[in-house]
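The structure appears below as structure tokens.
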Amino acid sequence: MAERATADIKVSSEDPKKKKKEEEDKKATEKKAGPSKANGDKKDEEEELSEEDAQLKSELEMLVERLKEPNAELYRPALETLRTLIRTSTSSMTSVPKPLKFLHPHYPELQKLFDSWPLTEDKSLFADILSVLAMTYSDTQPRGTLRYRLLSASFLPASSTIPEPGSWGHEYVRHLAAELGEEYTIRQEGEDAIAPPPTAEGPEVARSEPVKIPGTIEDLRTLALECAKFFLSHNAEPDAVDLFVELEMVDRIAGLVDMDTFGRVCTYMDRCVTLLPPPDDVTFLRTIHKIYLQFSKFPKALSIAIRLNDAELIRQDFDSSGNPIMRRQLAFLLARAQIPLEWLQPPASEDADAETELPEDVIECLSNTHLSRFFKEFGKEVGVAEPKSLEDVYKSHLENTRAGISANVDSARGNLAGTFVNAFVNAGFGNDKLMVEAEEGNSWVYKNKDHGMMSAAASLGLSLLWDTDIGLSHIDKYTYSSEEHIKAGALLATGLLNAGVRTEADAALALLGDYTTNPSLSLKTASIVGLGLAYAGSHREDLLSLLLPAVADETTSMEVAALSALSLGFVFVGSGNGEITSTILQTLMEREDKALDDKWGRFLALGLALLFVGLQDASDATLETLKAIEHPISKQAQILVEVCSFAATGNVLRVQRLLHLCGEHLEAVKEKEEVDKEEKKGEKKEDEQKPDDTFQSFAVLGVAMIAMGEEIGSEMSMRQFNHLMHYGDAIIRKSVPLALGLISASNPQLPVLDTLSKYSHDNDLQVALNAIFAMGLVGAGTNNARLAQMLRQLAGYYYKEPDCLFVVRIAQGLVHMGKGTIGLNPFFSDRNIMSRPAIAGLLTTIMAFTDAKAFILDRYHWMLYFLVTAMYPRFLITLNESLESLPVTVRVGQAVDVVGQAGKPRTISGFQTHQTPVRLGTAERAELATEEYIPYAHVLEGFVILQKNPGYEKEEAMQL
């Protein structure tokens, strides 16, 4: 009984539309028919066919019979009719076209017939028709469509051409494209690359095994070009790109695109870049760049050149536009990316007599000299120009602490936290009450002790950020102070003031250059760091002579050597400078183990790593050299160099390698303990374990560094961090919050905030401390109310823990950075371009927190100022062609990814209409709400120059 029931179920699932009676009839016929089941199906089919279909079927069968007759004159008309019937057949998207369905059973005999025909033009047409029919046999006879298509082309005489694939319809071209990719892979990697389809019948297996496809690889590519033309003309740009990727000829797409298709092709290719392994990603970017230049889209081309970090391309793109206003717009883009000015000068050998000087207005845009003025105006427009006091940020009346309890907090520590909060909150406005506008002799500097004075004096530089004219006069009075720490702070302030801004006077170099060899440690380190921050990303060769000797000299302390290397890393970030690389490597090899064990060792390695930011495989030789160093610092340096090289590429293999390093420690230590219990003593084991710890910490940060470039990678890494938090050792748990802070800097998503909030109450105070700082990074410059509330609760929760309270205060300062106008996110231009100096600043500050007790909570709290290279206003300011502010209405909303979507979908959702200047969040995008102006820039972000739309007036007149 049970068996019969299962049989019933089977039949009903095969044919659910029939009524019960018909099912029973069918079962009876099947039993009678036995092996001739196919014939039974045929009979049923015939009964179902409508009159029209029956007529079509008989006509097709008659045409097939015609082809079997000996009279060759009948072949051509029969084939022509077949072709017409197949082409004109229309059917719903889900069902097979009728002619293909009816011709399916005749396919094997038509194949035999085809083999017996002599070589004629008719045979070519026959092959073309078989190529279409082969689609119905693709499971048992792989790549039949492609085989007959190529045969058809080869049988034609040279004078005539085969009709293009598109004439058979979209489905045929897609089928052909899939088979082209498959065939190319087989030819490159052999038959094993693609698994053969499973077949039940013996003879067919024998037939399908030696599938021999005629034609060379060039023939395959020629056919692919025809398919791509069809795709591009039918809004299927992604299919065209995918086909070219499979056939490794993506650079050829530049010749096929036109005004209508190039935009969609480029946006799709752009989105693919993060998912491709090197070197394909670079090939893609170069192809996109070529297409943009073809259609004179200079800002888009330049943004690709910046991503490629190719000095030659950047110079060509910048020079290729003859329009002086477009050059100013390009200059704003280059200034935002902090591209060295020297890259834009033509090589000396080329045009010795040519005019090398850029126009003054362009130099001003390139040097970012407008930034301070516009930023202050922006502050007035959005109503945040007034200075904020510490109490405005802390809002301690909302904290739920009991009165009188906070008296036991070290007041100097509280004042030090106040220094940073005041500096971050009022950054760039140059009007804070504690430092800039303090009464004579009543400055906040004197409310700090010893090294606290250095940070307090340096906070002037942050408060007056980018304002080189007024800033220097404010800082100047502190440089004459008899107190060494204040003087050092003033030197650091000079460096901070010039971060991201270039001036003709080169004040930072003039003021700080003399102090790099000063016998006083604090003055020396302040000037070295100041130079690194002032010239971050400038690749200034004249700084080598000032900073490199300190790295090479073995007699200098590790602190000075490491900070010099780090400053060189900042100045030459992403340059791969050979001289600095070899000097740092030599230092690592020659220094004694005791020196390399120093806590500053990690920053020596980081200085080396920063030289390779975004250079991918260019760091291979350095990595090999590092392997030769026996000290454990070698492993830390290897990880840092690799991570910086592949920063924001989303490279999956590198992430896997780092995760492996994070996971390996647990088992390794257990095994060591078991095996070495009797043999080795405890001390040696401790020595082995310590470096292990540090490199794992960097590996966790590395996962965030590599994944931060794209959303999918970021989400996946968040899950990994969750696992690491559950199963990792203390060192790993300590680093996870920092990695979360790095991966979503200035982008406060709820899941991240909730996770960090949970970690901020962890039993391990180190984890809690780092989580609190990460909360500051995630909310930097967003004024996020929920986050501010969380931090106020933490201030109450940790009122007895001075260290944690100090970091809570700093986090509060970061959240309200620039009163909510300055962000830390290293990506700009629609989150496509990575700012290398910003990456350097974020990573350095976070590295200082990997051992907070030794750096930030010790005398080196000034290391928080490394964030300055990542600080940039999150605004959109529209300017007219004379670079004066021009208010227009814009829509600001959440950015929506519309790649590959049909039509012209909206690129933003949930928008609000504002008048510029306007603040943009990390995940927000703006578009003009009026057609009166046309922007010169491709992305509305930062400074955008607008041009009056010449056609706008006419439209308005028509409406009237």
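Atoms considered below: every heavy atom in the structure, side chains included; atoms not considered: hydrogens, waters and symmetry mates.
A donor-acceptor pair under 3.5 Å is formed between the side chain of Asn825 and the backbone N or O of Ala745. Proximity of a side-chain donor or acceptor of Asn747 to a complementary backbone N or O of Thr922 within less than 3.5 Å is not detected. Under the 3.5 Å distance criterion, the side-chain polar atoms of Gln749 are left unmatched by any main-chain donor or acceptor of Val752. One N or O on the side chain of Glu941 and one on the backbone of Ser829 form a donor-acceptor pair closer than 3.5 Å. With hydrogens and angles disregarded, a donor-acceptor distance shorter than 3.5 Å links the side chain of Asp762 to the backbone of Asp764. For Lys819 (side chain) and Val384 (main-chain N/O), a donor-acceptor pair under 3.5 Å exists by modelled atom type. Between the side chain of Ser459 and the backbone N or O of Ala423 there is no donor-acceptor pair closer than 3.5 Å. Here the side chain of Arg836 pairs a donor or acceptor atom with the backbone of Val613 at under 3.5 angstrom. For the pair Thr850 (side chain) and Ile846 (backbone), a donor-acceptor distance under 3.5 Å is absent. Although no hydrogens or angles enter the test, the distance criterion places no donor-acceptor pair under 3.5 Å between the side chain of Thr782 and the main chain of Ser746.
One finds the CD1 atom of Ile856 at 11.5 Å from the CG atom of Asp803 (value rounded to the nearest 0.5 Å). One finds the CG atom of Leu701 at 5.0 Å from the OG atom of Ser697 (value rounded to the nearest 0.5 Å). With rounding to the nearest 0.5 angstrom, the CG atom of Leu765 is 4.5 Å from the CD atom of Glu801. Once rounded to the nearest 0.5 Å, the distance linking CG of Leu658 with CG of Asn651 reads 9.5 Å. Remark: Asn783 CG to His816 NE2 distance equals 5.5 Å, nearest 0.5 Å. Summarising the geometry, atom CG belonging to Leu876 is positioned 5.5 Å from atom CG belonging to Leu920; distances are rounded to the nearest 0.5 Å.
Within 6.0 Å of the CD atom in Glu711, the count of heavy atoms belonging to other residues, nucleotides or ligands does not exceed 12. Environment of CD1 in Ile712: sparse, with no more than 12 heavy atoms of neighbouring residues, nucleotides or ligands closer than 6.0 Å.
Between Arg271 and Asn832, some side-chain heavy-atom pair lies under the 4.5 Å cut-off. Residues Phe806 and Ile772 form no side-chain contact, since every pair of their non-hydrogen atoms from C-beta on lies 4.5 Å or further apart. Residues Cys266 and Lys300 fail the side-chain proximity criterion, which asks for heavy atoms closer than 4.5 Å. Put simply, the side chain of Phe866 reaches to within 4.5 Å of the side chain of Leu566, judged on heavy atoms. Contact annotation: the side chain of Leu740 never approaches that of Val778 to less than 4.5 Å [non-hydrogen atoms, C-beta and beyond]. Residues Leu371 and Leu465 have side chains not in contact (no heavy-atom distance under 4.5 Å, counting atoms from C-beta outward). Residues Met871 and Leu462 are in side-chain contact: their nearest non-hydrogen atoms beyond the backbone lie under 4.5 Å apart. Two residues are said to be in side-chain contact when any heavy atoms from C-beta on lie closer than 4.5 Å; Phe698 and Met847 meet this criterion.
A side-chain N or O of Arg809 and one of Gln812 form a donor-acceptor pair less than 3.5 Å apart. For the 3.5 Å distance criterion, the side chains of Asp392 and Ser389 qualify, holding a donor opposite an acceptor. In summary, the side chains of Thr649 and Gln616 do not present any donor paired with an acceptor at a separation below 3.5 Å, with no hydrogens or angles considered. Using modelled atom types, one finds no donor on one side chain facing an acceptor on the other under 3.5 Å when comparing Arg602 with Thr694.
Phe855 and Phe603 have perpendicular rings, their planes meeting at more than 60° on a 0 to 90° scale where under 30° would count as parallel.
In terms of heavy-atom proximity, Arg925 sits nearest to Val896 at NH1-O, 3.1 Å. Shown here for Cys644 and Leu843, the closest heavy-atom pair between the two residues is SG-CD2, 3.8 Å. Between Pro837 and Gln338, the closest heavy-atom pair is CG-OE1, 3.2 Å. The minimum heavy-atom distance linking Leu496 with Ala458 is given by the pair CD1-O, 3.3 Å.
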Next item on the list: Please lay out, stage by stage, how Phe429 and Glu386 fare under the test side chain to side chain contact (heavy atoms under 4.5 Å, CB included).
Entry: CA-CA 9 Å; Phe429 289 102; Glu386 286 305 304; over 6 Å; no

Next item on the list: Apply ring pair (Phe, Tyr, Trp, His ring centres under 6.0 Å) to Phe828 and Tyr872, showing your working.
Entry: CA-CA 10 Å; Phe828 64 96; Tyr872 202 85; 7.8 Å; no

Next item on the list: Just do the side chain to side chain contact (heavy atoms under 4.5 Å, CB included) check on Leu867 and Phe424 with the steps written out, would you?
Entry: CA-CA 10 Å; Leu867 285 173; Phe424 283 129; 4.2 Å; yes

Next item on the list: Take Glu642 and Arg657 through the test salt bridge (Lys or Arg N to Asp or Glu O under 4.0 Å) and record every step on the way to the result.
Entry: CA-CA 11 Å; Glu642 188 174 351; Arg657 199 180 303 173; 3.1 Å; yes

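Using a 4.0 Å cut-off between charged nitrogen and carboxylate oxygen, Arg307 and Asp270 count as a salt-bridge pair. Of the charged side-chain nitrogens involved, at least one lies within less than 4.0 Å of a carboxylate oxygen, so that Asp754 and Arg786 count as a salt-bridged pair.
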